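Please read the structure below before turning to the comments.
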There are 2 protein chains.
Amino acid sequence: MTTAKRDTYTPETLLAVAVQVFNERGYDGTSMEHLSKAAGISKSSIYHHVAGKEELLRRAVSRAIDGLFGILDEPGAREGRAVDRLEHVTRRMVGVLTSELPYVTLLLRVRGNTETERWAMERRRDFDHRVADLLKSAIAEGDLRGDVEARLATRLLFGMINSLVEWFRPEARGADGAEIADAVVQLAFRGLRVED
Amino acid sequence: MTTAKRDTYTPETLLAVAVQVFNERGYDGTSMEHLSKAAGISKSSIYHHVAGKEELLRRAVSRAIDGLFGILDEPGAREGRAVDRLEHVTRRMVGVLTSELPYVTLLLRVRGNTETERWAMERRRDFDHRVADLLKSAIAEGDLRGDVEARLATRLLFGMINSLVEWFRPEARGADGAEIADAVVQLAFRGLRVED
DNA sequence: AGAGTAACCGAACGATCGGTCGGGACAAGG
DNA sequence: CCTTGTCCCGACCGATCGTTCGGTTACTCT
């Protein structure tokens, strides 16, 4: 077992602090001085644990990306009708957004100023395309209405889901976000499904 | 008539350039040097037209806020059943987002680091509450389903609409965004309305 | 021609940026 | 006791930040 006592920083525990500050002030708006105050150690001590500011960003967005792509490997995202796989991905996206909230928040806000940010944006675009293909298949299989363009519908669906990072606070709700996943599915799919 | 010739900057034309750079690099990620390169004049010349970087931000978000609050004063947002007023506001929000895209984009991304940013966030919260009240009324009048919490539904609706700033490019579509407004209404309301 | 002014510029300001450096405190292992 | 390595620090680095200042164009008005 690992010791519960944690009186010193590791790259991971330091990352948790940094990501929170990044989300409050924005990545560019956060200085190493801000991070040192929040972590309670000196600016130079941060460099004992990580190589620099950009490594913190890279670690954070990597964690978010891994969480999202992990969804696509789950059985529920690979087997069955496209519409059911899409609903599964939708629910699990809400799950990942809520459980990895600060990391995904950071991912969704990168602007592409550095190589790390551009890499993150590209991976994110890959994920979006994978989900868009799922939605197209569901239309082709006749389970989703085709009068709204697939790419547009995907973007609006992502807009709904990704907006969680703007308002979801785990301490104010059940932390698993099950009721939110229900609401998203209700709102999105009752509008997308062919009338029953 | 105003002369079409514009060989020198005004605060407004300079603002248009600045807002574009702000949106590409982020406000904090944009230096006055970046702005001067984009505008084609020297850094110090910018201060001949505006008081500083923050004034550019204030002008931009003010323009966005005025556009959004203007919607609430329109007859379509003040008369008729709540559900119809809500649909009108939804369509007009898409209209304002598309026509004032860079300014609204900037508004939706402020993080609250300065007094100007906190003021913008507060005004935005006011607007959100006004729309949330509209949605609550529509539920009370029996036109929208009540099994999804009103505040949650509002946030998801805003998530859909506001996501436009992440992907809408006026040069790639009809610049008025009418088809997008249709899609948003279809997706959101066919899921929100009581089954007919 | 001369005065006034709008538009602009290069150089420099103090402050802060991300990051480096040499070393101190302290616990573990011999 | 002495070494070794972890964790941390204050002081400092060159670069860049937003902003200021003194001065130079170039056009308008009289």
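Throughout, a chain's letter reflects where its sequence line sits, starting with A, and its residues are numbered from 1. In this text, all values refer to a predicted model and were calculated from it rather than measured experimentally.
- One interatomic measurement links the two molecules: CD of A/E33 to P of C/dG19, which rounds to 14 Å at whole-angstrom precision.
- The salt bridge (Lys or Arg N to Asp or Glu O under 4.0 Å) test applied to A/E55 returns A/R59, not counting sequence neighbours.
- Bounding nucleotides for the chain A contact on DNA chain D, 5' to 3', at a heavy-atom distance below 4.0 Å, are D/dT6 to D/dG10.
- Within the nucleic acid shown, B/S36 has no heavy atom closer than 4.0 Å to any nucleic acid atom.
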For nucleotides 6-11 of chain C, give me one character per nucleotide, 5' to 3': B if any protein heavy atom sits under 4.0 Å from the base, S if the only such contacts are to the sugar-phosphate, - if neither. SBBBB-

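- Every salt bridge (Lys or Arg N to Asp or Glu O under 4.0 Å) that A/K136 has, sequence neighbours left out, goes to A/D133.
- A cation-pi arrangement, defined by a distance under 6.0 Å to the six-membered ring centre and an angle within 45 degrees of its axis, is absent between B/K53 and B/Y47.
- A donor-acceptor pair is defined here as one N or O able to donate and one able to accept, closer than 3.5 Å; no such pair exists between the side chain of B/H129 and the backbone of B/D126.
- B/N23 places a side-chain N or O within 3.5 Å of a backbone atom of B/V19 that can act as its donor or acceptor partner.
- The existence of a salt bridge linking B/R92 and B/E74 is confirmed by a sub-4.0 Å separation between a basic side-chain nitrogen and an acidic carboxylate oxygen.
- Positionally, the nearest nucleotide of DNA chain C for A/H34 lies more toward the 5' end than for the other of A/A51 and A/H34.
- For the pair A/M93/A/N162, a side-chain contact is recorded, criterion being any heavy-atom separation below 4.5 Å from C-beta on.
- A heavy atom lying under 4.0 Å from DNA chain D marks none of the residues of residues 52-64 of chain A.
- For the pair A/V131/A/L135, no side-chain contact is recorded, criterion being any heavy-atom separation below 4.5 Å from C-beta on.
- Among residue pairs with one or both ends in residues 98-112 of chain A, those qualifying as salt bridge (charged side-chain N to carboxylate O under 4.0 Å, His left out) are A/R63-A/E100, A/R109-A/E166; sequence neighbours excluded.
- One N or O on the side chain of A/Y9 and one on the backbone of A/A39 form a donor-acceptor pair closer than 3.5 Å.
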